[in-house]
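Read through the structure below, which is laid out as structure tokens, and then see the notes.
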Protein chains: 2
Amino acid sequence: MVTIKQVSEKAGVSSATVSRVINDTGTVKEKTRKLVVAAMEELGYRHNVVAASLASNKTNTVGYVVPELHGSFFGSMMGGTEQSLRAARKHMLIATGHSDETIEKAQIEALLSRRCDALILHVEAVTDDYLVNLVQQGVKLVVVNRYIAEIDDNCISLDNVKGGYLATKHMLDIGHTQIAYLAGSFFKADAINRLIGHKQALSEAGLEYDASLMYEGNFQAKSGAEGIRALLAKGKLFSAVACANDEMAFGAMNALREMGKRVPEDISVIGFDNIDFASYLTPGLTTIDYPVRQIGTMAAHWVLDRVYGKGSHAFKHVLDPRLILRGTTSSPE
Amino acid sequence: MVTIKQVSEKAGVSSATVSRVINDTGTVKEKTRKLVVAAMEELGYRHNVVAASLASNKTNTVGYVVPELHGSFFGSMMGGTEQSLRAARKHMLIATGHSDETIEKAQIEALLSRRCDALILHVEAVTDDYLVNLVQQGVKLVVVNRYIAEIDDNCISLDNVKGGYLATKHMLDIGHTQIAYLAGSFFKADAINRLIGHKQALSEAGLEYDASLMYEGNFQAKSGAEGIRALLAKGKLFSAVACANDEMAFGAMNALREMGKRVPEDISVIGFDNIDFASYLTPGLTTIDYPVRQIGTMAAHWVLDRVYGKGSHAFKHVLDPRLILRGTTSSPE
DNA sequence: CAGGCAATTGTAAGCGCTTTCATTAATTAT
DNA sequence: ATAATTAATGAAAGCGCTTACAATTGCCTG
């Protein structure tokens, strides 16, 4: 491997000068700059970022922890981040936490050992205190899809309550009054918040929340179908179903059809997230858009601004969901 | 930041010994090991992997280049890789190439600058020669979803021809003889190979391939719908449609239904890839399974074996697709 | 109990770069 | 033309670790 030293000798300058042209720092006369560049090309020099990181005490890499890599959610989020980061020549070191406290901590620790300049964390098992503590230790990090009051400036999240509200509000607006709710697992804050929004819309409309019209699922398609069957088995009446996410909505629609109900003629269905496939179905799924990619972008902006001090990017801590009207909701006859 | 030196002083040993206990190399008496561990904990020592990498000339990180981060494909693939790599305490540095030659090269170069021990590349714009050249220069890399004869040992791919064959074979097996084919964009080798498989199945059955029953789309849902409309507009007759991927199949099914055709009663449809949503539909989409995650796993195994010399993992260069029977295909009446 | 061998530990030379500080060259002001 | 500035460079001290190689120590054997 050719080093800066060899380049400097070939160019007849000191290694300090070579370093200056590589990093475009300090002042270098155009003539010597060309000399150095020529030497680098001739020798096939490749900058050693590891050595540079050690010497400069910055790695230009941000660590990213997500629960899983599969599925389209985290890919979209990381895609948003990557786009912004790449423009600033920063790289991403990725790790998965599997929603397990021990693993999450180990991964964070590993990324810190690798001296990431900043961390972007989508962690679910680690406690708030642990994260607050890291921030207080001076670790630069942004927490996505999670809100922690003590470090609210480090958090970026979606207004899930508003999303839940919007979904049910839509059903109410088009005339439904008996609205079932298929919730996500209450182990997750998102599930709870979306349900809160549902209740808000109901109460705002002067309607009583009926717990027996609610079913706790787990965000998976299957649990959506199970929810529908459970509700119908109990003899519950409803003309609309609001779901905690699109996958549950798909499951619900399948179950509904199996039981001879048409969507939306007999029963309206609304999802949450607006995953790609929501629009591929016929009819397209009416849902609430979760601006995932934008969240990833915001995380990148936070890091670029606060850690790398690169100008000021557009920024928001709490992002807004919005209603996407498609074909699975209609007024009750 | 506390260093190995400080730990060594507190423990009353040399820094070499501390390094030994950290890396579990060489021989260290149990008693002194405990002394060192205690000192590390007391001081809150955090290993500096950057310095270690520079000194040892290995980073324990593998660079990953994929076209994009969004969508579920690359997430699944990287997930497979990550799982195996994590078990061996290796990390992943991720970059996107956007199917652009300049960007792909720049990213590969960047990962090399960061001294990744190995690269896993899903690149589409860079030439075969460029990759062959890298291998010859001694760069440890594995190319996924692409086959290059000169460096076949570095390639891991799916047998797309076989997949295309399997799909059409299935249609033939259940009695179809007029089978339309909605291809992906011929700019991609996958599209071409899948079509070749289709033709093979046809010829094996003694049927003539009819180019006017083929439509070149671009792997997106929309083009699947367009293909159906184009074929139908030409007055083409067919009782089955084989698609280059699931998304096109979705588009095709939507278009078919719009035109009053039932799936599978009037027309059978088969996809390719077996993405998650293929099973969420009613009826579920019959398709060809693309073992994406397994490909990611194989890439990790290759790296673990060849680069890190960690035992021998199960390995295959060419993976097999397989038929997944669901509800969108049936015998013609 | 000396000699020999293996198990432990320490010494110190880097790894390839950045960066402060000092030095020298080029300009500008006087 | 000379002093005062400013621009360009170079010298060299690390950054925090790994890893030969050397030096000790401990334990056996004869």
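Here is the naming used below: chain letters follow the sequence lines, and residue numbers restart at 1 for every chain.
In this structure, the side chain of B:Thr127 engages the main chain of B:Tyr130 through a donor-acceptor pair within 3.5 Å.
For the pair B:Lys5 NZ and C:dG10 C1', the interatomic distance rounds to 13 Å; values are reported in whole Å. Going from atom CG of B:Asn60 over to atom C1' of D:dC17 covers 14 Å, rounded to whole Å. Put simply, CZ on A:Arg114 is 15 Å from C1' on D:dC17, counting in whole angstrom units.
The list of salt bridge (Lys or Arg N to Asp or Glu O under 4.0 Å) pairs with a residue in residues 75-85 of chain A, not counting sequence neighbours, reads A:Glu82-A:Arg86.
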Discussion item. Protein within reach of the bases, or only the backbone? For nucleotides 6-16 of chain D, mark each nucleotide 5' to 3' as B, S or -, using heavy atoms under 4.0 Å.
Written reply: --BBBB--BBB
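Distance check: A:Ile108 CD1 to A:Ile103 CD1 gives 12.0 Å after rounding to the nearest 0.5 Å. Atom-to-atom distance recorded for A:Lys316:NZ and A:Ile295:CD1 is 11.0 Å, nearest 0.5 angstrom.
Between B:Arg146 and B:Asp128, at least one side-chain N (NZ, or NE/NH1/NH2) sits under 4.0 Å from a carboxylate O, which counts as a salt bridge.
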